[in-house]
**Student:** 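Attaching a single structure in structure tokens format; questions to follow.
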Amino acid sequence: MQGFFIAAGLRLEAIVNGELRVIRMELKYCEACGALRLRPHGSDAPYCGRCARVMAGLSRTVRTKPAEGKRA
């Protein structure tokens, strides 16, 4: 699948095989590691991809939130 993507605010526009597709996105933080990410509007997924795999038991490592006042 080939496409051309344009980020316009929280709306992703993609031209795929000559057809314009628009996907609404929302900014969300991962409830496990705190990473910021974009997810499809209306999604209830609380975790980023990496943490979702850890929670499903498919991976053994997870990023953790840095201690208060310290950088990772």
**Student:** Kindly write out the residues that satisfy side-chain contact (heavy atoms from CB on, under 4.5 Å) with R53, not counting sequence neighbours, or none if the list is empty.
**Tutor:**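 R53 satisfies side-chain contact (heavy atoms from CB on, under 4.5 Å) with R50, L58, S59 only.
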
**Student:** Once you round to the nearest 0.5 Å, how far does CZ of R39 lie from OH of Y47?
**Tutor:** 12.0 Å

**Student:** Under the side-chain contact (heavy atoms from CB on, under 4.5 Å) test, which residues partner A45, sequence neighbours left out?
**Tutor:**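 A45 satisfies side-chain contact (heavy atoms from CB on, under 4.5 Å) with R37, S43 once adjacent residues are dropped.
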
**Student:** Kindly indicate whether the side chain of C30, heavy atoms from C-beta on, has any atom under 4.5 Å from the side chain of P46.
**Tutor:** no

**Student:** Would you give the length of the straight line joining atom CG of L36 to atom NZ of K28, rounded to the nearest 0.5 angstrom?
**Tutor:** 10.0 Å

**Student:** I need the minimum non-hydrogen distance between A32 and M55, along with the two atoms involved.
**Tutor:** CB-CE, 3.9 Å

**Student:** Can you tell if the side chain of H41 reaches within under 4.5 Å of the side chain of M25, non-hydrogen atoms only?
**Tutor:**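 When only atoms from C-beta onward are counted, M25 and H41 do not touch, as no gap falls below 4.5 Å.
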
